[in-house]
Amino acid sequence: MSKQSFKDYAISEEIIRALDSLGYETPTSVQQEVLPAALARQDLVVKSQTGSGKTAAFGIPVCELADWNENKPQALVLTPTRELAVQVKEDLTHIGRFKRIKVAALYGKQPFTIQTAELKQRTHVIVGTPGRVLDHIQRGTLVLDRLACLVIDEADEMLNMGFIEQVEAIIQALPGSRVTMLFSATLPRDVESLCQKYMNNPVHIELEAAGVTTDQIQHSLIEVKDADKWPLLQAVTIVENPDSCMIFCRTKEQVDQLFIRMAALDYSCDKIHGGLEQEVRFEVMNAFRRGQFRYLIATDVAARGIDIDNISLVINYDLPMEKESYVHRTGRTGRAGKQGKAITFATPHEGKFLADIERYIGFAIPVMKAPSREQVALREPAFEAKSHARTTLKKDKNEQINAGIMKLNFNGGKKKKLRAVDFVGTIARIEGVTAEDIGIITIQDNVSYVDILNGKGPLVLEVMQTTNIKGKLLKVRKALK
Ligand code: AMP
């Protein structure tokens with residue numbers, strides 16, 4: 001029987017309230033399948049696309065089953081890319097907000113010192129990329145003895161990227177009594193064998209038999225010679241005139257080249273690939289989310305699993321070499337019930353790869369003609385008008401959710417023997433404030449951070465200027481981060 005409300009599951013009121021504030025009303029299909037088994041601590045292998053709500057499918061049980069009083073990490077989520085680690089961390093933080101679940105992200109290129117300091121705090125959930133997580137395990141900075149749940153997200157991509165040895169080394173370092181959940185868009189043999197080796201009679205859940213949704217995404221193919229791809233791209237973008245579009249190339253050099261060409265023609269565009277600094281990658285993704293530019297040129301790696309609302313068009317400027325990539329790339333559009341379009345360019349000598357993709361997705365991608373000169377001329381004025389129109393910035397989903405939250409910085413922490421209960425006890429006594437208005441609390445040696453929710457930040461900030469905590473008057477101000 002399908003359940004229509006999150007209240008039908010064994011989920012606490014705090015989590016239900018968080019889901020409500022995220023606007024999640026009914027569980028998606030993957031959530032309906034996963035929640036009962038995961039909440040009953042069963043091992044799971046889930047074949048499901050990104051965009052299906054799978055982050056919450058594991059995020060809800062991870063937050064629900066976490067014990068707030070435990071200081072050591074209880075759940076570990078492995079993701080293939082840094083962007084996805086940060087996104088999953090944010091999603092889990094939102095889901096666990098009212099339970100004050102603390103989530104930390106561990107990924108390469110960020111200094112160890114920052115992450116090690118964070119790991120010294122009470123942290124309930126770790127989300128990370130395999131290399132950095134393993135480094136922390138080997139350095140002894142990530143303690144695993146209370147770890148009760150492992151989630152392997154985007155497992156096929158993780159193994160594709162060559163992380164198998166790290167993933168296995170991590171699994172071997174974990175307590176045997178844990179629950180393991182594996183999520184993958186596809187289940188190639190190496191993923192299956194990982195499941196057999198390290199999981200305990202897992203429940204198999206399979207969502208879409210055909211790997212690709214055709215009801216929400218209109219797929220088409222244009223045959224083109226290499227030399228004609230650039231003029232074809234211009235024609236397609238003029239005719240389609242998308243508000244938000246991702247263009248995939250095979251290599252970072254090709255991304256760089258196409259970016260230069262498009263920028264020279266004043267396309268509102270930016271680029272992302274693995275050769276860019278991590279900070280730049282985050283900035284580009286955030287700017288794209290906010291709608292600061294319309295065309296994002298990307299390689300596969302950087303865009304994997306990324307959840308951006310309202311991408312109306314995906315263009316495969318280069319045909320993907322891996323059949324699975326076709327599914328992941330086109331899955332950037334047609335998300336969360338919206339309609340999308342995916343247009344793929346294929347050159348005459350790419351027939352073998354195309355046949356592979358079509359066998360894999362289970363249908364032949366309908367061939368369409370390149371836009372005619374007349375079509376292009378007809379649509380050009382609208383294209384020009386849109387490219388000169390002022391962009392209205394969208395609020396990033398996280399920014400919207402964070403709007404009612406103010407982080408306060410108190411100049412005292414562990415060394416003054418302060419604990420989370422001291423903050424909760426004091427702040428919840430302020431008139432007009434309840435414990436439910438208090439979010440995540442982080443206590444460091446000399447400073448503490450407290451999230452105040454529901455727009456009550458300014459009130460708490462004012463009252464705390466003159467209110468003692470545990471007999472001490474602390475300096476309090478709005479935190480910068
Ligand atoms: P994911 O597959 O985890 O990348 O999620 C895809 C999108 O669906 C994300 O934007 C989620 O915030 C959203 N989402 C997840 N679960 C629900 C739900 N039950 N109702 C509405 N939206 C959801």
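Atom set for the values below is all heavy atoms of this structure, side chains included, hydrogens, waters and symmetry mates excluded. We count ligands from 1, going down the list as the structure has it; atoms in each ligand are counted the same way.
Annotation: Thr26 places an N or O atom under 3.5 Å from an N or O atom of ligand 1; distance criterion only. Of the N or O atoms in Glu25, none lie within a sub-3.5 Å distance of an N or O in ligand 1. Ligand 1 has no nitrogen or oxygen under 3.5 angstrom from a nitrogen or oxygen of Ala56.
At a heavy-atom cutoff of 4.0 Å, ligand 1 is contacted by the side chain of Phe6 but not by its backbone.
The closest heavy-atom contact to atom 1 (P) of ligand 1, among the options Gly53, Gly59, Gly331, comes from Gly53.
Close contacts of ligand 1 with Thr55, meaning ligand atoms under 4.0 Å from a residue heavy atom, involve 1 (P), 3 (O), 4 (O).
Ionic pairing of Arg100 and Asp451 is not present here: no N-O contact between side-chain nitrogen and carboxylate oxygen is shorter than 4.0 angstrom. Using a cut-off of 4.0 Å between Lys/Arg side-chain N and Asp/Glu carboxylate O, Asp20 and Arg17 are scored as not salt-bridged.
Ring pair Phe259/Phe293: centre-to-centre distance not below 6.0 Å. Ring pair Tyr326/His219: centre-to-centre distance below 6.0 Å.
Applying the salt bridge (charged side-chain N to carboxylate O under 4.0 Å, His left out) definition to pairs two or more places apart or across chains, those involving residues 184-203 are Glu168-Lys197.
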